[in-house]
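Scroll down for the structure; my scribbles are underneath it.
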Amino acid sequence: LVLERALPVGPVAMISRGFGNCRITSTLARDVWRVQYFNSMNTLILNTIEIVQAPEAALAAAEDLADSKGRLAELVDWMSESCRAPAG
């Protein structure tokens with residue numbers, strides 16, 4: 001309760017889904033985040049305060065970034081081909 005009063009909720013909130021949910025909320029203090037982990041039954045199992053630029057739970061895995069890079073490259077190629085196609 002003391003920490004909740006000292007660190008009011010900020011403007012950013014996000015949910016990361018995996019084996020359970022992880023709710024990430026900014027506080028009004030710079031680089032201070034409230035990170036709450038819930039199991040598959042939506043029961044709070046860990047309630048933490050993290051002092052970092054961005055909580056690790058909010059970051060994409062290297063494999064996900066590589067996959068996104070490949071998909072974006074395919075999209076750019078497809079768009080480039082569409083722009084080169086003769087009209088009508």
Side-chain angles (χ1 to χ4, degrees):
L1 208 86
V2 173
L3 285 176
E4 288 179 16
R5 287 186 188 149
L7 298 168
V9 174
V12 177
M14 55 192 115
I15 294 178
S16 174
R17 298 181 195 270
F19 295 109
N21 288 338
C22 176
R23 293 183 192 152
I24 303 164
T25 311
S26 66
T27 68
L28 293 182
R30 182 180 174 151
D31 295 337
V32 180
W33 301 84
R34 182 171 288 116
V35 184
Q36 299 173 307
Y37 296 89
F38 297 83
N39 65 16
S40 58
M41 301 296 289
N42 208 32
T43 301
L44 180 64
I45 56 174
L46 183 61
N47 190 9
T48 65
I49 303 266
E50 294 188 20
I51 303 170
V52 292
Q53 269 190 322
E56 190 167 332
L59 303 177
E63 304 85 36
D64 293 334
L65 290 174
D67 183 56
S68 294
K69 180 180 177 183
R71 289 174 187 246
L72 286 170
E74 290 173 8
L75 180 61
V76 168
D77 289 344
W78 175 79
M79 291 174 69
S80 296
E81 289 173 12
S82 296
C83 290
R84 287 193 297 262

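The shown structure was predicted, so the numbers you read here are calculated from the model rather than taken from an experiment.
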Got Asn47 and Arg34 here, is their nearest side-chain heavy-atom distance under 4.5 Å? yes
Do Val52 and Leu7 share a hydrophobic cluster (ILVMFWY, side-chain heavy atoms under 4.5 Å, transitive)? no
OG1 on Thr27 to CD on Glu50, rounded to 0.5 Å: 11.5 Å
Quick one: which of Val12, Ile49, Thr48 gives a side chain to side chain contact (heavy atoms under 4.5 Å, CB included) with Trp33? Val12
Out of curiosity, Asp64 CG to Leu59 CG, how far, rounded to the nearest 0.5 Å? 11.5 Å
Heavy atoms of Gly10 and Leu28 approach each other most closely as CA-CD2, 3.7 Å
Nearest heavy-atom pair of Cys22 and Ala57: which atoms, and what distance? SG-CB, 3.6 Å
Checking Asn39 now: which residues fulfil side chain to side chain contact (heavy atoms under 4.5 Å, CB included) with it, not counting sequence neighbours? Met41, Thr43, Ile45
So do the side chains of Leu75 and Met79 get within less than 4.5 Å of each other, counting heavy atoms only? yes
Enter the distance from Lys69:NZ to Leu65:CG here, rounded to the nearest 0.5 Å. 10.5 Å
Non-hydrogen side-chain atoms of Val35 and Glu56 separated by less than 4.5 Å: no
State plainly whether one hydrophobic cluster holds both Leu46 and Ile24, where clusters connect Ile, Leu, Val, Met, Phe, Trp and Tyr through side-chain heavy atoms under 4.5 angstrom apart. yes
